[in-house]
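See below for the structure under consideration.
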There are 2 protein chains.
Amino acid sequence: MNIGEVAEAAGVPPKTIRYYEEIGLIRPQRGDNGYRHFRESDLHKLAFLGRARALGFSIADCRVLLALYEDEARSSAEVKALAEQHLAEIDAKIAGLTEMRETLGDLVRSCAGDNRPDCPILSSLADPES
Amino acid sequence: MNIGEVAEAAGVPPKTIRYYEEIGLIRPQRGDNGYRHFRESDLHKLAFLGRARALGFSIADCRVLLALYEDEARSSAEVKALAEQHLAEIDAKIAGLTEMRETLGDLVRSCAGDNRPDCPILSSLADPES
DNA sequence: CTTGACCTTCCAGTGACTGGAACCCCCATT
DNA sequence: AATGGGGGTTCCAGTCACTGGAAGGTCAAG
């Protein structure tokens with residue numbers, strides 16, 4: 001398979017695939033014309049990476065996950081630990097965003113949104129104590 | 001005030017303040033020694049920026065917010081529209097993260113986390129249909 | 001006069017791509 | 001044989017909002 005075909009099949013853009021090769025996540029073969037040639041195992045890896053990224057794992061995490069996936073002697077505890085750590089990060093992000101959402105939501109609700117200049121949103125940004 | 005003092009007072013690091021000057025968000029004066037000199041209005045702006053950033057507004061949004069803040073003829077509707085747009089982005093982010101959280105949470109719950117290699121997390125990443 | 005804290009600029013790196021330019025290759029049609 | 005279009009290739013730059021670090025100037029205290 002050429003890069004376009006595997007990109008389509010794995011749901012990962014060609015640019016991203018080239019980037020993944022550059023950082024050593026995959027190592028496709030090369031044909032005589034210099035084209036990358038992808039085997040089934042490459043496609044498999046790319047789809048794996050696409051799903052891991054969609055779950056928010058960093059590239060560093062993905063590297064570890066791929067290594068664990070290919071390590072027959074892994075323990076599921078290692079994988080679970082990584083996933084739980086990531087889950088905690090997601091929770092932290094959600095908590096931060098939720099707090100933002102609440103604060104900003106309050107401000108938006110308190111703003112008339114008419115053509116007068118008085119605006120509690122700006123007032124609060126300028127001085128939340130006032 | 002010098003940069004350290006205003007950084008402390010506004011809760012914005014010196015590096016960030018220099019960056020904000022570089023991109024034209026603030027224009028502190030300069031002393032004969034080349035040091036930046038910050039007036040009360042600069043401090044005020046920096047604190048404003050710090051709070052807007054803490055609410056997740058982008059630098060581009062902050063630029064607009066500052067301009068609106070300084071525009072006596074603004075309408076609160078303009079501010080509210082910007083805030084509502086940002087609120088929608090926050091909601092979208094929260095929704096995305098929440099979905100990740102659920103999927104990943106399911107996987108983590110289904111993983112024994114023992115010293116055997118069998119791992120539903122890896123299996124699902126490799127092939128979610130299986 | 002020296003020390004140390006503070007200030008300056010400039011350059012590079014972060015994460016994970018993404019866009020674009022310049023160029024090469026392969027196949028099919030004229 | 002030429003050509004056209006849709007692949008592919010590399011390399012460079014940009015994104016976002018800083019952040020770290022190096023090399024060097026300035027200032028106040030002791």
Side-chain angles (χ1 to χ4, degrees), chain A residues 1-39 42-43 45-46 48-66 85-86 89-90 92-93 96-97 100, chain B residues 1-38 42-43 45-46 48-66 86 89-90 92-93 96-97 100:
Chain A
M1 299 168 100
N2 282 346
I3 199 167
E5 204 180 344
V6 80
E8 178 74 18
V12 178
K15 277 275 190 189
T16 302
I17 296 175
R18 292 193 190 99
Y19 172 67
Y20 285 173
E21 182 186 18
E22 192 188 324
I23 64 173
L25 276 180
I26 51 166
R27 298 183 198 285
Q29 295 177 313
R30 293 292 181 128
D32 293 343
N33 54 11
Y35 285 21
R36 290 169 183 83
H37 177 69
F38 298 85
R39 288 164 295 174
D42 294 315
L43 166 56
K45 267 195 194 182
L46 284 169
F48 183 103
L49 287 169
R51 285 186 282 263
R53 294 285 302 128
L55 285 178
F57 285 103
S58 70
I59 291 289
D61 284 347
C62 288
R63 214 181 284 274
V64 176
L65 286 171
L66 261 188
Q85 212 172 327
H86 180 46
E89 282 162 24
I90 291 175
K93 270 190 198 164
L97 284 169
M100 267 186 206
Chain B
M1 300 166 100
N2 281 346
I3 200 167
E5 204 180 344
V6 80
E8 179 74 18
V12 178
K15 278 273 189 190
T16 302
I17 295 174
R18 293 195 190 96
Y19 173 68
Y20 285 172
E21 183 188 16
E22 192 187 324
I23 63 173
L25 275 180
I26 53 167
R27 299 183 198 284
Q29 294 177 313
R30 295 291 183 130
D32 293 343
N33 54 12
Y35 284 21
R36 289 170 183 82
H37 176 69
F38 296 85
D42 294 316
L43 167 56
K45 266 194 195 183
L46 284 169
F48 182 102
L49 287 169
R51 286 186 282 262
R53 293 286 301 128
L55 285 178
F57 284 104
S58 69
I59 292 288
D61 284 347
C62 287
R63 212 180 286 273
V64 176
L65 285 171
L66 261 186
H86 180 45
E89 281 162 24
I90 293 176
K93 271 190 197 163
L97 285 169
M100 267 186 206

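The chains referred to below are lettered A, B, ... by the order of the sequence lines, with proteins before strands, and numbering in each begins at 1. Since this is a predicted model, take the numbers as computed values, not measurements.
To the nearest angstrom, C1' of dA17(D) lies 13 Å from CG of Leu49(B). Whole-Å rounding puts the Arg63(A) CZ to dG15(C) P distance at 11 Å. dA16(C) atom P lies 8 Å from atom CD1 of Ile23(A), rounded to whole Å. With rounding to whole Å, His37(A) atom NE2 is found 16 Å from dC26(C) atom C1'. At whole-Å resolution of the value, CD in Glu5(B) and P in dA5(C) are 18 Å apart. One can place CG of Asn2(A) at 7 Å from P of dT9(D), the figure rounded to the nearest angstrom. As rounded to whole Å, 16 Å separates atom P of dG6(D) from atom CD of Glu8(A). When the P atom of dC6(C) is taken as reference, atom CD1 of Ile17(B) falls 14 Å away, rounded to whole Å.
Using modelled atom types, no side-chain atom of Arg39(A) and backbone atom of Leu43(A) make a donor-acceptor pair closer than 3.5 Å. Although no hydrogens or angles enter the test, the distance criterion places no donor-acceptor pair under 3.5 Å between the side chain of Asn2(A) and the main chain of Gly4(A). In terms of modelled atom types and a separation under 3.5 Å, the side chain of His86(A) and the main chain of Asp61(A) share no donor-acceptor contact.
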> Passes side-chain contact (heavy atoms from CB on, under 4.5 Å), His37(A) versus Met1(A)? Steps please.
Replying inline: CA-CA 6 Å; His37(A) 177 69; Met1(A) 299 168 100; 5.6 Å; no
>> Go through it in stages, so that I can follow the logic: the residues are Arg63(A) and Ile23(A), the test is side-chain contact (heavy atoms from CB on, under 4.5 Å), and I'd like the CA-CA distance, side-chain angles, deciding distance and then a yes or no.
In response: CA-CA 10 Å; Arg63(A) 214 181 284 274; Ile23(A) 64 173; 4.0 Å; yes
> Should Ile59(B) and Arg53(B) be marked as a side-chain contact (heavy atoms from CB on, under 4.5 Å) after you check the CA-CA gap, both sets of side-chain angles, and the distance that decides it?
Replying inline: CA-CA 7 Å; Ile59(B) 292 288; Arg53(B) 293 286 301 128; 3.8 Å; yes
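Put simply, CG on Leu65(A) and CZ on Phe57(A) are 5.0 Å apart, with the number rounded to the nearest 0.5 Å. Thr16(B) OG1 to Ile3(B) CD1: the interatomic distance, rounded to the nearest 0.5 Å, is 9.0 Å.
Between Arg36(A) and dG8(D) there is no side-chain polar atom (N or O) within less than 4.0 angstrom of OP1 or OP2. A sub-4.0 Å separation between OP1 or OP2 of dT10(D) and a side-chain N or O of Arg30(A) is present.
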> Could you write nucleotides 18-30 of chain D as a row of B, S and -, 5' to 3', where a protein heavy atom under 4.0 Å of any base atom gives B, of only sugar-phosphate atoms gives S, and otherwise -?
Replying inline: BSBB---BBS---
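Considering every non-hydrogen atom in both Pro13(A) and Ala7(A), the closest pair reads C-CB, 4.2 Å.
Note on the helix from dC1(C)-dG30(D) to dT30(C)-dA1(D): angle between the axes of the first and last five pairs equals 30°, rounded to 10 degrees.
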